Amino acid sequence: MKPYIYVTRKLPEEVLSPLQEKYEVEMWDDENVSVPREILLTKAKKAAGILSMLSDPIDRELFEQSPNLKVVANLAVGFDNIDLEAANEKGTAVCNTPDVLTDTTADLTFGLMMAAARRLIEADKFVREGKWKSWSPLLMAGTDIHHKTVGIIGMGSIGEAFARRAKGFDMNILYHNRSRKPEAEESLGARYASLEELLAQSDYVVCLAPLTAETKGLLQKEQFGMMKSSAIFINAARGPIVNESALYQALVDGEIAAAGLDVFEKEPIDETHPLLSLDNVVALPHIGSSSVETRIEMMELCVSNIKAVLEGDTPKTQVNK
Ligand code: DGY
């Protein structure tokens, strides 16, 4: 019997073809809905490998019920949906998709910042709704990006790629990170700052940190209160880094000017989410790495990691050694 691999979302058949000869590969056959928990657990019980999405909780219960599971390849750089401790106890390799998505995610984050600053979504809606009756000097006037100060929380590879884009726009760059980044300091002129200093001095606060025990709930009422009233907050990392009701209140009270959000505390959100009632919020459905080219590369990397582990080779991007 061929070892069984479960893919938790419908992916293009051709991406999975390198697995098909040696393995029995089954996919959850819906592009738009996550695999229900019960089905995931049932499939995992017989799986040697799982190709998972960031929205699938790959938790202790799943690991404990899956005696054959050798590898979980997550289609994301973040792996906060996976219980690494349980994976380690079971000796299951966990792989992610770093590097291939760095520039694409930095592009989206920069675009999100521009959209929030220059009110692109509001302006598009204004035109579509037939409200554009004349040109006027301050019509949909936003705020500048060039020569402003951006504070990047989380200076990993995506943070650095974002900083390169910011340098191209003549921005002053501050960053806050677990460790100093001498190369970014030298080549981009980025300056390390405490979180407090970054929040107080930045015109744009951009969150690109991974979700960990240290970053969960990092931005609360107090932190929004430290920002400039003209500040624009961007989150393209993970929703739970931010206390969303504190963010909502800060926007309503004018403690900050606007927000661009690609991620939310609980995803997906629906149209009744309070943040969507605010015109100064740009909301995206977690599409940081979503270009066709990059998503295909991410899928191929997952396939290569699964193959490597099941065939006794070293996977390219394993997060637990
Ligand atoms: C990731 O890969 O972790 C990103 O959030 C996807 O957009």
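Treat the numbers as computed from the prediction; the structure is a model and nothing was measured. Whatever order the structure lists ligands and atoms in, that order sets their numbers, starting from 1.
At least one N or O atom of Gly78, backbone or side chain, sits closer than 3.5 Å to an N or O atom of ligand 1. Residue Val77 has at least one nitrogen or oxygen atom sitting less than 3.5 Å from a nitrogen or oxygen atom of ligand 1, judged on distance alone. Polar contact with ligand 1: present for Arg238 (N/O pair, distance under 3.5 Å).
Phe224 and Phe233 have perpendicular rings, their planes meeting at more than 60° on a 0 to 90° scale where under 30° would count as parallel. Ring geometry, Tyr192 versus Tyr175: the interplanar angle exceeds 60°, so the pair is classed perpendicular (tilted spans 30 to 60°).
For Thr97, no heavy-atom contact with ligand 1 is shorter than 4.0 Å. With a 4.0 Å heavy-atom cut-off, ligand 1 is reached by the side chain of Arg295 but not by its N, CA, C or O.
Around CZ of Arg118, the count of heavy atoms belonging to other residues, nucleotides or ligands within 6.0 Å does not exceed 12. Heavy-atom neighbours of Glu129 CD from other residues, nucleotides or ligands within 6.0 Å: above the threshold of 12.
Less than 4.0 angstrom separates some heavy atom of Leu101 from each of these atoms of ligand 1: 2 (O). Less than 4.0 angstrom separates some heavy atom of Ser289 from each of these atoms of ligand 1: 6 (C), 7 (O). Set against the non-hydrogen atoms of His286, the atoms of ligand 1 under 4.0 Å away are 4 (C), 5 (O), 6 (C), 7 (O).
Checked options Thr317, Thr314, Asn96; the residue passing with Asn305 is Thr317 (criterion: side-chain hydrogen bond (donor to acceptor under 3.5 Å, both in side chains)).
The cationic group of Lys46 lies under 6.0 Å from the six-membered ring centre of Tyr4 and within 45° of the ring axis, placing it in a cation-pi geometry.
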